[in-house]
Q: 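Shown below is the structure under consideration.
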Amino acid sequence: MSLLEFFYRHRQEIMTLTLEHCWLVGVSMLLASAAGIPLGILVARHPKWNKPVLGSANVIQTIPSLALFGFLLPVPWLGERADRLAITALTAYALLPIIRNTAAGIESVDPSVREAARGMGLTARQILVQVELPLALSVILAGLRVATVMTIGIATIAAAIGSGGLGEFIFRGLAMVDNRVILEGAIPAALLALVADAALGLAERRWRRSF
Amino acid sequence: MTGETFQPAIEFLQARYAVDGHIILSGLELAVAPGEVLALVGRSGSGKTTTLKLINRLLDLTSGDVRVEGRSVGNWDPIRLRRHIGYVIQEAGLFPHYTVERNVALIPRLEGWPPERVRARVEELLHLVGLEPAKFRDRHPRELSGGQRQRVGVARALAADPPILLMDEPFGALDPLSRAEIQREFLALQSRLKKTVVLVTHDIREALRLANRIALMEAGKLVGVYSPLTFLKAREPLAAEYVATLGPGETPESAA
Ligand SMILES: Nc1ncnc2c1ncn2[C@@H]1O[C@H](COP(=O)(O)OP(=O)(O)OP(=O)(O)O)[C@@H](O)[C@H]1O
Ligand SMILES: [Mg+2]
């Protein structure tokens with residue numbers, strides 16, 4: 001039986017787990033952006049927050065992912081459901097590139113542009129929304145791209161705590177010592193990462209070229 | 001010029017500005033009359049840009065006072081103050097993600113002008129600064145030369161018709177021909193609009209030609225304030241140095 005036939009026979013489950021995977025990653029990315037972009041703005045605005053914020057996000061990244069899932073297990077509410085726990089951990093991992101790139105993007109805005117905006121009487125909020133965020137957007141998108149690709153990979157490990165997703169195949173394949181089953185998880189995960197990378201990369205270039 | 005009957009549009013009272021104990025401006029006493037063009041001239045680093053930024057509160061005074069239309073800048077709402085004062089910066093500072101049209105329309109739009117009026121105003125201003133609207137309206141700053149960018153910067157500062165204008169080397173990147181042309185436009189415009197203008201320039205000819213008075217600065221201090229005629233005859237060594245850079249027989253039009 002060829003690998004393709006093997007995949008075809010399991011297409012239903014591959015589909016289900018791929019969707020589950022996308023859901024885990026999608027929700028995590030939304031939460032990480034909702035937290036990371038404002039934190040990045042904070043860091044760019046007030047350099048004194050640079051160390052505590054980026055330092056914490058950095059520390060989270062150094063924790064091996066399997067260990068982080070384990071640490072969160074006894075936490076009340078979170079530990080009750082595997083997907084909650086997985087999303088929390090994935091969100092925490094995705095923060096660093098988003099915060100860092102948002103801050104870098106805003107800091108890279110030409111000071112003369114910011115000064116002209118201020119000098120003409122734009123409020124701090126107008127400067128942020130009309131000048132800084134649009135000019136930082138391609139760098140922010142680059143951060144989202146790195147974070148998404150990374151999260152798609154780490155999300156496979158979340159299957160170890162029973163959150164589902166393509167990691168299921170990988171762990172099952174390891175237990176069964178069947179490479180075909182491992183590939184049923186690994187190949188769709190790799191494709192997802194490639195597609196996300198290409199799509200966000202395209203958005204980034206589009207925006208950069210629009211002016 | 002500044003009769004006691006006039007309330008100065010801008011007034012510096014013993015203005016001092018220091019950063020980390022390093023004094024950048026000190027003892028500045030200067031009044032600009034309404035409708036007057038005052039040129040600020042001085043070496044690089046003498047404090048000209050700093051002087052402008054104290055007027056629109058991009059920088060806050062260390063001591064002394066700056067008044068705009070009789071009111072201390074500290075008592076103005078900074079946003080209202082800046083909308084009241086057009087600002088042309090040295091590097092133009094156009095928004096790179098906006099077209100020329102949107103750059104010029106920035107303040108009118110924020111002020112809630114109706115779109116037709118904004119459009120007409122942009123058209124009028126682009127003509128005024130010598131940029132054909134049909135050709136330049138939809139370009140981005142990246143697609144303009146340095147001189148064209150500066151012109152857009154001037155148009156943007158004029159857009160909402162502020163009574164006071166601060167210009168930091170606004171024509172620095174222009175070739176001599178365009179420069180002479182825009183100077184003529186400036187004079188024609190100024191005779192109609194009578195704005196209060198503080199103009200920083202390195203070009204003494206430009207100062208003599210455009211300004212009613214010339215304020216000479218050195219190392220964070222005001223050396224003196226002269227009319228174009230008295231400047232040419234000033235005994236002050238720094239003024240004399242500037243005059244010496246003029247060619248023999250160069251008589252500026254504004255001195256006539
Ligand atoms: N934030 C700052 N910290 C320390 N020194 C500063 C700061 N900003 C300006 N200076 C100094 O203040 C002095 C005056 O600067 P300013 O920009 O007003 O000069 P300028 O006359 O406009 O010069 P130029 O003709 O080159 O534009 C300079 O010596 C400059 O180095
Ligand atoms: Mg300057």
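The analysis underlying the following values was restricted to heavy atoms, covering all of them including side chains, and did not include hydrogens, waters or symmetry mates. A, B, ... follow the sequence lines: proteins, then strands. Residue 1 opens every chain.
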Q: Give the member of B/V88, B/L81, B/T99, B/I79 that has the highest number of heavy-atom pairs under 4.5 Å with chain A.
A: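 Ranked by heavy-atom pairs under 4.5 Å with chain A, first place is B/I79.
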
Q: Between B/E69 and B/Q7, does the side-chain hydrogen bond (donor to acceptor under 3.5 Å, both in side chains) criterion hold? Intermediate values first, please.
A: CA-CA 7 Å; B/E69 296 175 355; B/Q7 181 187 69; over 6 Å; no

Q: Quick check on B/L58 against chain A: is it the side chain, the backbone, both or neither that has a heavy atom closer than 4.5 Å?
A: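 Both the backbone and the side chain of B/L58 come within 4.5 Å of chain A.
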
Q: With side chain to side chain donor-acceptor pair (under 3.5 Å) as the test, pick out the partner of B/Q90 among B/K48, B/E169, B/Q150.
A: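 The option that passes is B/E169.
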
Q: Return the minimal non-hydrogen interatomic distance between A/A147 and A/P97, and the atom names on each side.
A: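 What the structure gives for the nearest pair is CB-CG, 3.8 Å.
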
Q: Non-hydrogen atoms of chain A under 4.5 Å away: do they reach the side chain of B/R83, the backbone, both or neither?
A: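 Looking at B/R83, backbone and side chain both touch chain A.
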
Q: Indicate yes or no: at least one non-hydrogen side-chain atom of B/R151 is less than 4.5 angstrom from one of B/L131.
A: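 SC-SC contact between B/R151 and B/L131 confirmed.
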
Q: Where does A/Q130 contact chain B at under 4.5 Å (heavy atoms): side chain, backbone, both or neither?
A: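 Both parts, heavy atoms under 4.5 Å.
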
Q: Do any pairs count as a side chain to side chain donor-acceptor pair (under 3.5 Å) and have a residue in residues 131-151 of chain A, sequence neighbours left out, and if so which ones?
A: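 Every side chain to side chain donor-acceptor pair (under 3.5 Å) pair that includes a residue of residues 131-151 of chain A, provided the two are not neighbours, is A/R45-A/E132, A/R114-A/E132, A/S138-A/R208, A/R145-A/D197, A/R145-A/E204.
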
Q: Would you mind telling me which of A/V109, A/T123, A/D110 has the largest number of heavy-atom pairs within less than 4.5 Å of chain B?
A: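 Between A/V109, A/T123, A/D110, the count favours A/T123.
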
Q: Hey, are B/K53 and A/E115 close enough for a salt bridge, meaning a charged N less than 4.0 Å from a carboxylate O?
A: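 A salt bridge links B/K53 with A/E115.
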
Q: Would you verify whether the NZ or CZ of B/R121 falls within 45 degrees of the ring axis of B/W113 while also being under 6.0 Å from that six-membered ring's centre?
A: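 No, a cation-pi geometry is absent between B/R121 and B/W113.
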
Q: With heavy-atom distances below 4.5 Å as the criterion, would you say the side chains of A/L192 and A/V195 are in contact?
A: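 Result no, sub-4.5 Å side-chain heavy-atom pair not found.
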
Q: With only heavy atoms counted, which part of B/L52 is less than 4.5 Å from chain A, the side chain, the backbone, both or neither?
A: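 Neither; nothing under 4.5 Å.
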
Q: When only heavy atoms count and the cut-off is under 4.5 Å, which of residues 66-73 of chain A reach chain B?
A: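 Checking residues 66-73 of chain A against chain B gives no residue, so none.
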
Q: Run B/W76 and B/H84 through ring-ring contact (aromatic ring centres under 6.0 Å, His included) and show every step you take.
A: CA-CA 10 Å; B/W76 280 80; B/H84 196 71; 5.3 Å; yes

